[in-house]
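This report concerns only the one structure given below.
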Amino acid sequence: MTVRTRIAPSPTGAPHIGTAYIALFNRAFAKHHGGQFILRIEDTDQVRSTSESETAIFDALRWLGLDWDEGPDVGGNYGPYRQSERTDIYREHAAKLVASEHAYPCFCTADRLVAVRREQELNQQRIGYDGHCAGLDPAEAARRVAAGEPHVIRLRTPDTGICKIADQFRGEIEIEWETVDDQILMKGDGFPTYHLANVVDDHLMEITHVIRGEEWISSAPKHLLLYEAFGWQAPVLAHLPLLRNPDKSKLSKRKNPTGILYYRQAGFLPKAILNYLGLMAYRPEGDLEIFDFATMVSSFDFNRVSLGGPIFDVQKLRALNGHYIRELTDTDLLESLKSWLLHDATLLDVVRMSQPRLEQLADFVPMIAYLFADGVPLDPVDIDKAGKESGKAAEWIQFVQWEFERLQRWQADDIRACFERVAEQEDVKLKIFLGVFFRAFSGRAVALPLFDSLVWLGRDMALRRLQYAQEALREAGVGLSGKALKRLEKSYRERYVEEGGQDG
RNA sequence: GCGCCCAUCGUCUAUCGGUUAGGACUCCAGGUUUUCAUCCUGGCAAGAGGGGUUCGACUCCCCUUGGGCGUGCCA
């Protein structure tokens, strides 16, 4: 049996450093056994998935050297590797489950579900679906489905007994069936949920080992039950500890740079990132900290994986990166610099932006420096003063951060529209408004054209700069307090997000 | 609230019953260097608490505490 592992990111937003972390372990394990590592795109969330994000995932993982043997863009014998192209397969399998009564159609409305949950919260009961439609007569349910009544398909879970999960890192985990509710398998839109799709695909793609984040432990029983219902052999499960923010919460973009592309733009080396990510839960042997992917592959051992939730410490990553930079020969470093950003294609953009403003060639480098930096020296007092009144700058920056995250495409026109929208909402002249942002992004009141600069920097770096600015403002006492941030978020939702809750 | 996971310096970790509890990052001091950085040397700094098991527990078991995740027609 050849070992096959996979990474299955969903293309929503910027490719996450956590995805690289999980991918690294999966790839290292597969390669240790001479097996294959597969990339599967989990785009079953029609609302949030974008092709821009999918491309960015390919780009980011490949840059890190985490190549895949099979995937949407390289093909393979188990395709298609994009879940949105496999909907027939899921529908078919869901139908089988309904036929065997391992699953059932549910006609409950979203309103009823909310009401049920609220009552459970009130009575301090366990939260979960109450099984309202589980007892429906199958024939009757089938008639209603045939009549076109809106419905979802739910998994029928046992009411008693315990589910034993053989986690390769943690040993046996026991979860009582009573605590797992009837999970939705097929959504009202005809798309599967993660639970169904991931089980069906892992089986069909002959995945032998599923190494994923510990956030999945509590849904493992549902997955195991599905394998059983289909009469399939379940893959080996292993749950890695989650990467954390300095405050120990799950790593999030609000508190940290989480975009892989940020790290590329900021000049981190792939081998340093891989080494650091490996360090988060693995040591090849004893005190060995500096190691490459090949060492991780050859030494890979489930017993050497540590389980404490590691805090992602950019400072240590930086130190490690410095180590690798120093290890390069001068010509290799020059090549690294060139392939990073100092090549003709990117330089030409910068040349075009700067030309109208140049009086001497010597003006060039100082003028463009902020485009090649991670952070720039900031004057928080000056930034704050650029706002209409003290405190406004921090608010404006926050609104723009949220708008940037929601932007579908990262292009000059969209970015411009984004600034115009916020300036209008905040009732401030664009010229005044942008003053804050020239300072936040470049550290100066004047710089090259803002929107083009942002396109050039990339979304992840743009967001990072705003994060730096917020930190500086906070330190200077003119930033957003926790309370103010909460208030602002509410105001943002009301005024900017037309309808429905947005994700976090 | 309920379920599950986790627990060694500030941070990442080594230790798989017997160690002065080791290394790395950070910080501090000193040395090399025209400055800085690098590099070298040294230093500060840890087994959450309480019960067991054992001749002997950081290590095994239980409880408490703390933290995390889950509790979505998101993944």
Side-chain angles (χ1 to χ4, degrees), chain A residues 8-13 16 18-19 41-49 83 106 108-110 113-114 117 120-129 150-154 162-163 165 167 169-171 173-181 183-198 212-222 239-251 275-290 303-304 306-323 325-327 501-504:
Chain A
S10 73
T12 54
H16 200 277
T19 302
I41 295 293
E42 308 227 328
D43 54 351
T44 53
D45 185 336
Q46 289 187 92
V47 182
R48 297 195 301 154
S49 297
Q83 292 188 329
C106 167
C108 293
T109 61
L113 264 23
V114 171
R117 197 169 306 140
Q120 288 166 335
E121 273 165 19
L122 225 70
N123 299 337
Q124 300 209 333
Q125 285 170 303
R126 197 167 17 250
I127 314 287
Y129 183 60
H151 67 283
V152 300
I153 304 293
R154 281 184 189 273
I162 47 179
C163 175
I165 304 157
D167 186 293
F169 299 147
R170 297 156 205 268
I173 298 170
E174 296 190 346
I175 295 178
E176 299 195 32
W177 279 116
E178 193 187 3
T179 67
V180 359
D181 70 345
Q183 178 63 44
I184 290 176
L185 262 22
M186 291 293 286
K187 301 183 254 186
D189 63 2
F191 272 59
T193 58
Y194 168 86
H195 305 286
L196 208 223
N198 121 80
R212 67 215 316 192
E214 70 179 318
E215 53 194 331
W216 293 109
I217 292 178
S218 46
S219 37
K222 296 163 192 169
H239 295 92
L240 244 16
L242 257 24
L243 261 25
R244 314 277 189 95
N245 293 313
D247 68 2
K248 298 241 184 201
S249 57
K250 176 163 120 177
L251 193 67
N275 189 163
Y276 184 66
L277 253 18
L279 228 35
M280 295 279 81
Y282 191 76
R283 296 286 133 127
E285 56 168 272
D287 289 333
L288 186 61
E289 290 202 335
I290 305 287
N303 292 321
R304 298 205 65 83
S306 50
L307 300 177
I311 290 170
F312 191 90
D313 178 12
V314 183
Q315 178 60 47
K316 181 151 181 176
L317 205 211
R318 202 176 288 137
L320 203 55
N321 201 56
H323 168 87
I325 285 180
R326 267 172 257 121
E327 219 175 40
Q502 207 47 42
D503 65 297

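Below, read A as the first sequence line, B as the second, and so on, with proteins coming before strands; counting in each chain starts at 1.
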Quiz item: When you compare U32(B) with U41(B), how far apart are their P atoms, in angstrom units rounded to a whole number?
Solution: 15 Å

Quiz item: Would you say C74(B) has OP1 or OP2 under 4.0 Å from some side-chain N or O of K187(A)?
Solution: yes

Exercise. Would you indicate what C108(A) reaches in the nucleic acid, counting non-hydrogen atoms under 4.0 angstrom: base, sugar-phosphate, or nothing?
Key: base

Exercise. Output yes when at least one side-chain N/O atom of S306(A) is less than 4.0 Å from OP1 or OP2 of U13(B), else no.
Key: yes

Practice problem: Report the distance from atom CD of Q183(A) to atom P of G3(B), rounded to the nearest whole Å. | Solution: 20 Å

Quiz item: C1' atom, G18(B) versus G70(B): distance in rounded Å?
Solution: 41 Å

Quiz prompt | Rounded distance (Å) that lies between atom P of C4(B) and atom CG of D167(A) | solution = 15 Å

Self-check item: Counterpart base for C69(B), defined by Watson-Crick or G-U wobble contacts under 3.5 Å
Solution: G3(B)

Self-check item: G49(B) and C9(B), which share atom name P, separated by this distance in whole Å
Solution: 11 Å

Practice problem: Look at the side chain of R117(A) and decide which nucleotide, out of C5(B), G72(B), U15(B), has an atom nearest to it. | Solution: G72(B)

Quiz item: Quick one: which of U26(B), G22(B), C5(B) gets closest to the side chain of Q315(A)?
Solution: U26(B)

Quiz item: Among G23(B), G68(B), C73(B), which nucleotide sits nearest the side chain of I184(A)?
Solution: C73(B)

Quiz prompt | Distance in angstrom units between Y129(A) OH and G70(B) C1', rounded | solution = 21 Å

Quiz item: From the list C74(B), C6(B), C25(B), which nucleotide is the closest neighbour of the side chain of L307(A)?
Solution: C6(B)

Quiz item: Does a salt bridge link K316(A) with E289(A), judged by any charged N lying under 4.0 Å from a carboxylate O?
Solution: yes

Quiz item: Touch check for G188(A), heavy atoms < 4.0 angstrom, all strands: base, sugar-phosphate only, or nothing?
Solution: base

Quiz item: Within this structure, what is the NE2-to-P distance between H239(A) and G70(B), rounded to whole angstrom?
Solution: 13 Å

Practice problem: Would you mind classifying the nucleic acid contact of T44(A) as base, sugar-phosphate or nothing, using non-hydrogen atoms under 4.0 angstrom? | Solution: sugar-phosphate

Quiz prompt | Under 4.0 angstrom between K222(A) side-chain N/O and G70(B) OP1 or OP2 | solution = no

Quiz prompt | Base-pairing assignment for U20(B) (Watson-Crick or G-U wobble, both under 3.5 Å) | solution = none

Quiz item: Are the side chain of T193(A) and the backbone of M186(A) linked by a donor-acceptor contact shorter than 3.5 Å?
Solution: no

Practice problem: Could you tell me which nucleotide pairs with U38(B) by Watson-Crick or G-U wobble geometry, both distances under 3.5 Å, or answer none if nothing does? | Solution: none

Could I get a table of every N or O pair under 3.5 Å where one atom is in the protein and the other is in nucleotides 60-62 of chain B?
none

Self-check item: Most 5' of R170(A) and C106(A) on RNA chain B, judged by nearest nucleotide
Solution: R170(A)

Practice problem: Report the distance from atom CD1 of I175(A) to atom P of C4(B), rounded to the nearest whole Å. | Solution: 7 Å

Quiz item: Hey, what do you get for CG (D167(A)) to CD (E214(A)), rounding to the nearest 0.5 Å?
Solution: 9.5 Å

Practice problem: Taking atom P in both C6(B) and U13(B), compute the distance separating them and give it to the nearest angstrom. | Solution: 14 Å

Quiz item: Strictly by modelled atom types, are Q315(A) and R318(A) linked by a side-chain donor-acceptor pair under 3.5 Å?
Solution: yes

Quiz item: In terms of side-chain heavy atoms of I127(A), which of U11(B), G1(B), C5(B) is nearest?
Solution: G1(B)

Exercise. Select one nucleotide: of C69(B), A24(B), G3(B), the one nearest the side-chain heavy atoms of S249(A).
Key: C69(B)

Quiz prompt | Straight-line distance of Y194(A) OH to S219(A) OG, nearest 0.5 Å | solution = 7.0 Å

Exercise. Give the nucleotide from the list A14(B), C4(B), A75(B) with an atom nearest to the side chain of D287(A).
Key: A14(B)

Quiz prompt | Same-atom distance (C1') from A57(B) to C62(B), integer angstrom | solution = 15 Å

Self-check item: C39(B) phosphate, OP1 or OP2, under 4.0 Å from R326(A) side-chain N/O
Solution: yes

Quiz prompt | Which nucleotide in G67(B), G3(B), A75(B) has an atom nearest any side-chain atom of E42(A) | solution = A75(B)

Quiz item: Between S49(A) and Q46(A), is there a donor-acceptor pair closer than 3.5 Å when you use the side chain of the first and the backbone of the second?
Solution: no

Quiz item: Donor-acceptor pair, D43(A) side chain versus Q83(A) backbone, under 3.5 Å?
Solution: yes

Quiz item: What nucleic acid atoms does M186(A) come within less than 4.0 Å of, heavy atoms only: base, sugar-phosphate, or nothing?
Solution: nothing

Quiz item: Quick one: does L240(A)'s side chain get under 4.5 Å of R212(A)'s, heavy atoms only?
Solution: no

Practice problem: Grab the CD1-P distance between I311(A) and C12(B) for me, whole Å please. | Solution: 5 Å

Exercise. Please measure how far the C1' atom in C58(B) lies from the corresponding atom in A48(B), and state the result in whole Å.
Key: 12 Å

Practice problem: Report the distance from atom CG of L242(A) to atom P of A75(B), rounded to the nearest whole Å. | Solution: 17 Å

Quiz item: Can you tell which of C73(B), C69(B), C25(B) lies closest to the side chain of V152(A)?
Solution: C73(B)

Quiz prompt | Backbone of I165(A) reached by a side-chain donor or acceptor of E174(A) within 3.5 Å | solution = no

Quiz prompt | Under 4.0 angstrom between R283(A) side-chain N/O and C12(B) OP1 or OP2 | solution = no

Quiz item: Do any N or O atoms from the side chain of N245(A) and from the backbone of D247(A) form a donor-acceptor pair under 3.5 angstrom?
Solution: no

Quiz item: Separation of E174(A) atom CD from C4(B) atom P, in whole Å?
Solution: 9 Å

Quiz item: What integer number of Å spans the P atoms of C44(B) and G23(B)?
Solution: 11 Å

Quiz item: Using the P atom in both, what is the distance from C12(B) to U26(B), to the nearest Å?
Solution: 15 Å

Exercise. Please determine, for C58(B), whether a Watson-Crick or G-U wobble partner exists with both distances under 3.5 Å, and give it or none.
Key: none

Quiz item: More 5' along RNA chain B: G286(A) or D181(A), using each one's nearest nucleotide?
Solution: G286(A)

Quiz item: Are any of K250(A)'s side-chain N or O atoms less than 4.0 Å away from OP1 or OP2 of G67(B)?
Solution: no

Exercise. Could you tell me whether a side-chain N or O of R304(A) sits under 3.5 Å from a main-chain N or O of R283(A), the two making a donor and an acceptor?
Key: yes

